[in-house]
Amino acid sequence: MFATLSDRLTATFKSLRGKGRLTEADVDATVREIRRALLDADVALPVVRDFTTRIRERATGAEVVGHLNPAQQVVKIVNEELVGILGGETRRLRFAKNPPTVIMLAGLQGAGKTTLAGKLGRWLKGNGNRPLLVACDLQRPNAVNQLQITGERAGVDVFAPEPGNGVGDPVSVARRGIEHAKHHHYDVVVVDTAGRTGVDAEMMQQAIDIRAAVQPDEVLFVLDAMIGQDAVATAEAFRDGVGFDGVVLTKLDGDARGGAALSVRHVTGQPVMFASTGEKLDEFEPFHPDRMASRILDMGDVLSLIEQAEKAFDADQAQAMAAKFAADEDFTLDDFLQQLQAVRNMGSLKKMLGMLPGMAQMRQQLDAFDEREFDRIEAMVRSMTPLERRQPKIMNGSRRARVAAGCGQSVSAVNDMLERFGQAQKMMRSLKNGLGGGGLPGIPGMPGGPGGASKKQKARIAAAKGKKGKSGNPAKRAQQEAAAAEKATSQPGSAFGLPDPSKGFDPADLNLPKGFDKYLGQ
């Protein structure tokens, strides 16, 4: 959503590189470009004015501080101001001291309240709560049925005593839903209310009546992030009519310009608490102002990426893989498939890569990436026999042709997949060898890496071991070799370090077992 804004701001910061200090002309030009970028992103005009005024005040005449150049200083200032506009600190849900905690959803029709109810219920269940969804949208056709299906997919119970489609009293349903939750020991109740295509008196009055009936602990205003400037007027109308405690932004994965996300906190004074980043039920997350500001400025969101990885990767599987690694077992296609599934569980690969710093410069490559490649690779691996997965080296031409026919891919595609897997195996082997040798694999000039130690390092190692290297002088080297040969012939002993029987020693002196002397040549 913030791709255009991010690109504009990044281009603006590049123009400051190489400058020793920020002049007023530099600040004016930078602020002007930032203002244009924000207005193009549909950010409300009052927000743009306050934002650029603070940036100008902080950046005017700023000297180079420490290791920061002017471009880095402006990025730092803009980042801090963005965090402030987005809310500063992350706002958490307030839970009631005496369950159930009641959360009421309000907003326009089409903002995604019903789907969001399922997402919020799934998120609450994943955090150890026992939520209940209450269907109070009795006006929109099939709204009750939609919530029931969404709740079933999310694994959350739904209270829907009325069929909807214009039948039933939503205030009564909300009140009965709270009583049902208390009786059946649900600790959180999510009330899904009706919306309209626009703000009207009937809609406001119904929301006010439901709020008065259930006394919610949190009222969340669900806002479509793609409606642009209208977001401000809608949010203000709900704030003045019903009142709300926090905002939930939906459709952040869309291609709109994202001005609503930057405007609503400043205009309404209420924080953004959650963000819906896709259509799937798991594409829902708490809203972190600092992380969102980092994404906008192309500085990445590594913390969110780590959190997703922790949820997706199974701890037992990771320990099993570590044990296999320690036992010097080879990396197999079964292991490869297991890791592939864990990566897919993290969500869209494009979104994950987009959380890395500097990835905005590779946006075209990310957009061109086809995530269906994962499906094709998985089909190839699953078309193999268990033996072929454990020992890919047995994959001859006929086996590859059979796998290609079984997964609907070409033989060349199977060959390419096996070749890439072979490279992955080599990398794993080099890692194990490098760690076993106490060095860093893959780094030239480092112990365990390509190139090994330098000549001086080898000489020091040999000296430490009491060994003298061969001379580069041919005559001196010949003398060294002759001395070594003479030393070898003058010292008695066999290949196992025993005295040479030909020199006249008595094997009985060794206290060997009876009959063992035949092995010593006597």
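This structure is a prediction, so every number in the text was calculated from the model and none was measured.
The side-chain heavy atoms of M384 and M395, taken from C-beta on, include a pair separated by under 4.5 Å. Between V134 and V173, some side-chain heavy-atom pair lies under the 4.5 Å cut-off. At least one side-chain heavy atom of N165 sits under 4.5 Å from a side-chain heavy atom of N142. Contact check for R140 versus Q146: side-chain heavy atoms found under the 4.5 Å cut-off. Residues R389 and V381 have side chains in contact (heavy-atom distance under 4.5 Å, counting atoms from C-beta outward).
Using bins of under 30°, 30° to 60° and over 60° for the plane-to-plane angle, the ring pair F284/W123 lands in the perpendicular bin.
For R402 and E388, the salt-bridge test passes: some basic side-chain N is under 4.0 Å from an acidic carboxylate O. Ion pairing between a basic and an acidic side chain is recognised when a charged N comes within 4.0 Å of a carboxylate O; D192 and K113 show no such pairing. Salt-bridge annotation for R94 and D217: absent, with no side-chain N of the basic residue lying under 4.0 Å from a carboxylate O of the acidic one. Under a 4.0 Å N-O distance rule, the pair R91/E218 qualifies as a salt bridge.
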Could you walk me through whether F287 and L86 pass the side chain to side chain contact (heavy atoms under 4.5 Å, CB included) test, one step at a time?
CA-CA 9 Å; F287 186 86; L86 293 170; 4.0 Å; yes
From CA spacing to verdict: side chain to side chain donor-acceptor pair (under 3.5 Å), K119, S276
CA-CA 8 Å; K119 292 183 177 183; S276 176; 2.6 Å; yes
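A donor-acceptor contact shorter than 3.5 Å is absent between the side chain of E378 and the backbone of D375.
T332 and D334 share no donor-acceptor pair across their side chains, judged by distance under 3.5 Å alone.
Heavy-atom contacts from other residues, nucleotides or ligands closer than 6.0 Å to CZ of R420 number more than 12.
The heavy-atom pair separating A143 from T114 by the smallest distance is O-CG2, 4.3 Å.
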